[in-house]
Amino acid sequence: MRTQRAGTEKDDGNYMIAFSNVRFRDGYNGTTLRGCNTIRFQNCVWNTFSGEHVVLLNGVADDNRADPIEFVQCGIAAGPDNTTTDNVIVDGLGGSLKFIATAILFGHHGLWMRNTTGTTALPKFVYFEGGGFENTHGVSVLLERGAQAQFANTYISTDGEDDLVRVGPDFTGSATFTGCVIRGAGRNGIDFASRRLTVSGSLIGNNGRTAHTDFARGLDAVGDNGDGAFRVTTAAAHGWETGDRVTVYDAAGTEAANGKWTITVIDDDTFDLQGSDASGSYTGGGSAYRHGAGINIRDGATRVVVTGNAVGGFVGDGTNRQDYALVTAAPDVLVSANDLNGNHAGGLLMRTAPTAETRIWGNKGTGDVDGWFAARIDGAVANGAYDFPGALYVAGERVTVVKTALAVAAGGCSVRFAVDGEAATGAVAATAEPAVKTITTAAVVDGSATPKRIGLIVQSATADAADLTVQFGYRRAG
């Protein structure tokens, strides 16, 4: 089915058309909408299409766009055998497009916002609530060009090796994900390279599904790239891109290449290992596979807000191979109040130096703290109880002491955090080598009703112990 203008005038378009309980099936392309206004599909199903797309909304100018369009309680599916057919494409100028309780299944990409019309027009105002994406073989949500996309209470999953959500650098608007379940990607749950991303209240887990030897690429060669770094050639096209993190293993003769690396792609079957120092002579064997994270923020991205999410493995719900909850190569991020536990390598990987715009705090699974209590004992250090400077109290709140950073200039001793003169943690040894240590049994200081005086207790001080510096890191607990 296709709509188009009957003439050049505005009124020559299609206006107020509704389809209810209709099934479209067994064709090449399913539905193409141009030059139409106020089109609604309710309880409609598309399935088994083998062409370029199932649904295309294509606007090449202001008088030829499809706007507004609604899909309510619909099912859109290329079919399980049509893995190269894209399901929904919004190309060129588009207006308001709504998907309510709609399922988009199978095929290649699920929803693709782009601009191939040769004009500066951009698709915009895509709103998706309820329903979701499953069994796609490309990217479930591919935002290549556009002005605004919002997803609420949406399930996003895939069967492919790529990302679930990908926002390219030319997507100039905002992308928002609220209350979504984003799981099962081959690589990253969300891969973001633009500006204005907000992710809140979502579950993001069991991504990096193909980070396993079952999905590895065999190697043909490992050598020097001419600049002193390793260059790796795979036996077949790898399908990866610059910035991907991969593991190389079992390469004989060039054992220094084995390990986890960030890559620079040279061509379809060749990549360099960033920061490597080429050595040895390759004698054969070896493979490589690609890692994936819950959220991957690329260099150049800005205004990223990630709050109140659970980003980690889902017990009993698929294969979890996410190495990190969040990987960021951009400093302009606000990451707060997330649960980042349940990832194989850690909660957070910062691939850039933080700046004044970086805000990462209050997250579980990162080892971060909200502040530090600090004290210094100059000169000889003897056993006994010591106050923090100014006789410090915790008043009107609860805090949990979780870390300590400490060192002595000479000798050695052990330090314990104290509340109202009583030891509240186990002893932590201080030496001349500065160290940051996690306190295995955290000390809870409840000053919400009555202020609690805090300090430290020195034990096992050697005769020559001198100049102790100690900090206790705490998290606010309410």
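Reckoned from all heavy atoms, side chains included, excluding hydrogens, waters and symmetry mates. Here the structure is a predicted model, which is why all the values come from computation and not from measurement.
The two residues Asn309 and Asn338 make their nearest non-hydrogen contact at N-OD1, 2.8 Å. When all heavy atoms of Ala293 and Asn188 are compared, the pair lying nearest together is N-OD1, 2.9 Å. Contact between Gly132 and Thr154 at its shortest, heavy atoms only, is CA-CG2, 3.7 Å. Heavy-atom minimum distance, Tyr127 versus Ala152: OH-CB, 4.2 Å. For Ser50 against Asn82, the heavy-atom pair with the smallest separation is CB-OD1, 3.7 Å. Minimum heavy-atom separation, Ala251 to Leu219: CB-CD1, 4.3 Å.
Between the side chains of Arg183 and Tyr155, at least one donor N or O lies within less than 3.5 Å of an accepting N or O. Ser174 and Arg303 share no donor-acceptor pair across their side chains, judged by distance under 3.5 Å alone. In this structure, a donor-acceptor pair under 3.5 Å is absent between the side chains of Asn64 and Arg34. No hydrogens or angles considered: nothing links the side chains of Ser276 and Trp261 as a donor-acceptor pair under 3.5 Å. Asn341 and Asp339 share a side-chain donor-acceptor pair at under 3.5 Å.
Checking side-chain atoms of Thr302 against main-chain N and O of Arg195 turns up no donor-acceptor pair under 3.5 Å. Under the 3.5 Å distance criterion, the side-chain polar atoms of Lys437 are matched with a main-chain donor or acceptor of Ala429. For the pair Thr358 (side chain) and Pro331 (backbone), a donor-acceptor distance under 3.5 Å is present. Side chain of Asp91 to backbone of Thr116: a donor-acceptor contact under 3.5 angstrom is found. Within the 3.5 Å criterion, the main-chain N or O of Ser200 finds a donor-acceptor partner in the side chain of Ser202. Side-chain atoms of Thr425 come within 3.5 Å of backbone N or O of Phe417 as a donor-acceptor pair. The backbone N or O of Thr264 lies less than 3.5 Å from no partner atom in the side chain of Thr242, so there is not a single donor-acceptor pair. Between the side chain of Asp267 and the backbone N or O of Asp269, at least one donor-acceptor pair lies under 3.5 Å. Looking at His137, its side chain never comes within 3.5 Å of a backbone N or O of Gly160 through a donor-acceptor pair. Of the possible polar contacts, none joining the Asp159 side chain to the Thr136 backbone as a donor-acceptor pair under 3.5 Å is found.
For the side-chain hydrogen bond (donor to acceptor under 3.5 Å, both in side chains) with His53, the qualifying choice from Asp86, Thr32, Asn87, Thr85 is Thr32, the only one to do so. With Arg245 as the fixed residue, the side-chain hydrogen bond (donor to acceptor under 3.5 Å, both in side chains) test singles out one of Thr262, Asn296, Asp323: Asp323. When each of Asp244, Asn207, Thr158, Thr210 is checked for a side-chain hydrogen bond (donor to acceptor under 3.5 Å, both in side chains) with Arg187, only Asp244 meets the rule.
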What verdict does the side chain to side chain contact (heavy atoms under 4.5 Å, CB included) test give for Leu97 and Phe71, after you've listed the backbone C-alpha separation in whole Å, the side-chain angles of each residue and the deciding distance to 0.1 Å? CA-CA 8 Å; Leu97 174 61; Phe71 296 85; 3.8 Å; yes

Pair Thr319-Arg209, side-chain hydrogen bond (donor to acceptor under 3.5 Å, both in side chains): steps then yes or no: CA-CA 6 Å; Thr319 301; Arg209 182 176 53 81; over 6 Å; no

Given the rule in the side chain to side chain contact (heavy atoms under 4.5 Å, CB included) test, do Ile439 and Val401 qualify, once you have shown the distances and angles that lead to the verdict? CA-CA 8 Å; Ile439 295 175; Val401 178; 3.8 Å; yes

Checking Asp467 against Thr469 for the side chain to side chain contact (heavy atoms under 4.5 Å, CB included) test, could you report, in this order, the C-alpha distance in whole Å, the side-chain angles of both residues, the deciding distance, and whether it holds? CA-CA 7 Å; Asp467 297 332; Thr469 301; over 6 Å; no

Please determine whether side-chain hydrogen bond (donor to acceptor under 3.5 Å, both in side chains) holds for the pair Asp170 and Thr172, giving the CA-CA distance in whole Å, both sets of side-chain angles, and the decisive distance to 0.1 Å. CA-CA 6 Å; Asp170 294 325; Thr172 57; over 6 Å; no

Side chain to side chain contact (heavy atoms under 4.5 Å, CB included), that's the test. Do Leu349 and Arg351 meet it? Break it down for me. CA-CA 6 Å; Leu349 175 61; Arg351 302 174 71 182; 3.9 Å; yes

Checking Arg475 against Asp370 for the salt bridge (charged side-chain N to carboxylate O under 4.0 Å, His left out) test, could you report, in this order, the C-alpha distance in whole Å, the side-chain angles of both residues, the deciding distance, and whether it holds? CA-CA 5 Å; Arg475 297 180 186 145; Asp370 297 324; over 6 Å; no

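Residues Trp240 and Val246 have side chains in contact (heavy-atom distance under 4.5 Å, counting atoms from C-beta outward). For the pair Cys44 and Cys74, the minimum side-chain heavy-atom distance is below 4.5 Å. In this structure, Met350 and Ile360 have side chains that are in contact, with non-hydrogen atoms separated by less than 4.5 Å. Between Asn206 and Arg321 the shortest side-chain heavy-atom distance does not fall below 4.5 Å. Between Ile76 and Leu105, the closest side-chain pair of non-hydrogen atoms is not below 4.5 Å. For the pair Val88 and Phe99, the minimum side-chain heavy-atom distance is below 4.5 Å. In this structure, Asp224 and Arg231 have side chains that are not in contact, with every pair of non-hydrogen atoms separated by 4.5 Å or more. Side-chain atoms of Tyr324 and Leu340, non-hydrogen and from C-beta on, never get closer than 4.5 Å to each other.
Taking the six-membered ring for Trp and the full ring otherwise, the centers of His108 and Phe106 sit at least 6.0 Å from each other. Here Phe192 and Phe177 keep their ring centres 6.0 angstrom or further from each other. Checked against the 6.0 Å centroid criterion, the rings of His238 and Phe271 qualify as a close aromatic pair.
Here OG1 of Thr431 is found 7.5 Å from CG of Leu406. Values are rounded to the nearest 0.5 Å. Taking CZ of Phe125 as the start and OG of Ser96 as the end, the distance is 8.0 Å to the nearest 0.5 Å. Annotation: the span from Ile89 atom CD1 to Asn58 atom CG amounts to 9.5 Å, rounded to 0.5 Å. Between atom CD1 of residue Ile182 and atom CD1 of residue Ile190 there is a gap of 4.0 Å, rounded to the nearest 0.5 Å. For the atom pair CG (Leu348) and OG1 (Thr328), the distance works out to 8.0 Å, reported to the nearest 0.5 Å. The structure places OG1 of Thr234 at 8.0 Å from CZ of Arg217, a figure rounded to the nearest 0.5 Å.
Aromatic ring orientation, Phe41 versus Trp46: perpendicular (interplanar angle above 60°, classes split at 30° and 60°). Between Trp112 and His109, the ring planes lie perpendicular to each other; the angle is over 60°, past the 30° to 60° tilted range.
Salt-bridge annotation for Glu241 and Arg290: absent, with no side-chain N of the basic residue lying under 4.0 Å from a carboxylate O of the acidic one.
Counted within 6.0 Å of CZ on Arg25, heavy atoms from surrounding residues, nucleotides or ligands total more than 12; the atom is thus considered enclosed. For Asp268, the CG atom counts as loosely surrounded, since its 6.0 Å shell holds 12 or fewer non-hydrogen atoms of other residues, nucleotides or ligands.
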